[in-house]
Amino acid sequence: SQQGEEDPQALSIQEGENATMNCSYKTSINNLQWYRQNSGRGLVHLILIRSNEREKHSGRLRVTLDTSKKSSSLLITASRAADTASYFCATDPNNAGNMLTFGGGTRLMVKP
Amino acid sequence: SQTIHQWPATLVQPVGSPLSLECTVEGTSNPNLYWYRQAAGRGLQLLFYSVGIGQISSEVPQNLSASRPQDRQFILSSKKLLLSDSGFYLCAWSVQSTGELFFGEGSRLTVL
């Protein structure tokens, strides 16, 4: 079963706009991770946020975590056409990776 | 630096035929290794993971099996493929002390 569920399932924006994707989960976690997948390729790890952290930045990426609401958001600022991909959240209850559970993903399209 | 290789990239097999997908990791030792399957437009389903040579944990009952004959080699097999085995198979590794996954480029299997 999928622990994390992304919202929206699909998002289409213009280049330069910001893109926000949300992830909700059901059980307690040790950390939450975001991954990116270009069509037909493997996933690439973007950012990991621990349960005791509320916000984390990496370049144009900003991730927030609200453990009381069991939710996280990924913000991509000043989007580019190259950001077009699927984005997945994954929850890790024990910080060892073997129980990492992925959501269904958000398909982001950035139009030039 | 660490790299992960997964092959073959594409495979078309008849129902009832055997399967062997191989994954190797370079540049690290004693990694956790994983096989995931991704249905079209969906999230990832964990099939198998391994914390060491000969140690395999199965998450989903099915006609697939996994083996880890060497520290950095992970093999996904089937004796007789089913139509429902079609999908995108992804190998991944992680450092045992953290939860971040590093994925291969995937193997697309079509069973006809």
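To find a chain, count down the sequence lines: A is the first, B the second, and so on, and within it residues start at 1.
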Phe88(A) CZ to Gln38(B) CD distance, which is reported to the nearest 0.5 Å: 5.0 Å
Treating Ile, Leu, Val, Met, Phe, Trp and Tyr as nodes and any side-chain heavy-atom pair under 4.5 angstrom as an edge, say whether [X] and [Y] lie in one connected cluster.
{"X": "Ile75(B)", "Y": "Tyr34(B)", "answer": "no"}
{"X": "Ile49(A)", "Y": "Ile29(A)", "answer": "yes"}
{"X": "Val15(B)", "Y": "Leu81(B)", "answer": "yes"}
{"X": "Leu112(B)", "Y": "Leu64(B)", "answer": "no"}

Is the shortest side-chain heavy-atom distance between [X] and [Y] below 4.5 Å?
{"X": "Leu100(A)", "Y": "Leu46(B)", "answer": "no"}
{"X": "Leu44(B)", "Y": "Thr101(A)", "answer": "no"}
{"X": "Gln37(A)", "Y": "Phe88(B)", "answer": "yes"}

Can you tell which of Leu48(A), Ile47(A), Asp92(A), Leu46(A) makes a side chain to side chain contact (heavy atoms under 4.5 Å, CB included) with Glu100(B)? Leu48(A)
Other residues, nucleotides and ligands only: do more than 12 of their heavy atoms fall within 6.0 Å of [atom1] on [X]?
{"X": "Arg80(A)", "atom1": "CZ", "answer": "no"}
{"X": "Glu105(B)", "atom1": "CD", "answer": "yes"}
{"X": "Arg37(B)", "atom1": "CZ", "answer": "yes"}

Identify the two heavy atoms, one from Leu90(B) and one from Arg41(A), that lie closest to each other, and give their separation to 0.1 Å. CD2-O, 4.4 Å
Tightest non-hydrogen contact, residues Leu43(A) and Phe103(B), listed as O-CB, 3.3 Å
Can you tell me which portion of Gln45(B) sits under 4.5 Å from chain A's heavy atoms? Options are side chain, backbone, both or neither. neither
Over 60° means perpendicular and under 30° means parallel, so classify the ring planes of His45(A) and Phe102(B), tilted if in between. tilted
Greatest number of heavy atom pairs closer than 4.5 Å to chain B - which of Gly40(A), Gly105(A), Ser86(A): Gly40(A)
